[in-house]
Amino acid sequence: MATYIQYLFKTVRKYFGEAVVVTQEVDDIISSDIVKEAIINNSDCKILLDQRKYMNKFEHIQKLLGLTEKERGQILSINCANRPGPFYREV
């Protein structure tokens, strides 16, 4: 499956399309070297939601994505200052 994902991402990008991957676990992407390289290298847009559960190992993710310290702080602060009351989440 990893080689298919690599083929898919390279082919779709060549034809000016965009493949989308949605996962609840970052490990789904970074656990396979082929998938990690195919998705990260061929994706112009990366959207990260609340990543606080990865706070202890976020340095690895930061290095993979080439994030600055400011970007790291912004990502890890998502949903930290939510007001009590109606349920909402920052995106």
Would you indicate whether Glu71, at its atom CD, is surrounded by more than 12 heavy atoms from other residues, nucleotides or ligands within a distance under 6.0 Å? yes
Between Lys57 and Val26, does a side-chain contact (heavy atoms from CB on, under 4.5 Å) hold up when you go through it step by step? CA-CA 11 Å; Lys57 60 180 182 177; Val26 175; over 6 Å; no
Regarding Gln62 and Tyr54, is there a side-chain donor-to-acceptor distance under 3.5 Å anywhere? no
Nearest 0.5 angstrom please: Ile30 CD1 to His60 NE2, how far? 4.0 Å
Rounded at 0.5 Å granularity, tell me how far CG in Leu65 sits from CD1 in Ile75. 7.5 Å
For the CD atom on Glu25, are there more than 12 heavy atoms of other groups (residues, nucleotides or ligands in this structure) within a distance under 6.0 Å? yes
What's the spacing between Thr11 OG1 and Arg13 CZ if we round to 0.5 Å? 12.5 Å
Could you check whether any side-chain heavy atom of Thr3 comes within less than 4.5 Å of a side-chain heavy atom of Ile34, counting everything from C-beta outward? yes
Should the heavy atoms of other residues, nucleotides or ligands under 6.0 Å from NZ of Lys70 be counted, would the total exceed 12? no
Between CZ on residue Arg72 and NZ on residue Lys63, distance to nearest 0.5 Å: 13.5 Å
Measure across Gln6 and Ala38 and return the closest heavy-atom pair with its distance rounded to 0.1 Å. CA-CB, 3.5 Å
Under 4.5 Å between side-chain heavy atoms, counting indirect links through other Ile/Leu/Val/Met/Phe/Trp/Tyr residues: same cluster for Val35 and Val20 or not? no
Rounding to 0.5 Å, atoms NZ (Lys46) and CD1 (Ile29) come to a distance of 10.5 Å
Please walk me through it: do Ile78 and Leu49 pass side-chain contact (heavy atoms from CB on, under 4.5 Å)? CA-CA 7 Å; Ile78 293 174; Leu49 301 177; 5.7 Å; no
Calculate, to the nearest 0.5 Å, the distance between atoms CZ and CD1 belonging to Phe9 and Ile40 respectively. 10.5 Å
Walk me through it: do Glu18 and Cys45 pass the test side-chain contact (heavy atoms from CB on, under 4.5 Å)? CA-CA 10 Å; Glu18 187 153 341; Cys45 180; 4.1 Å; yes
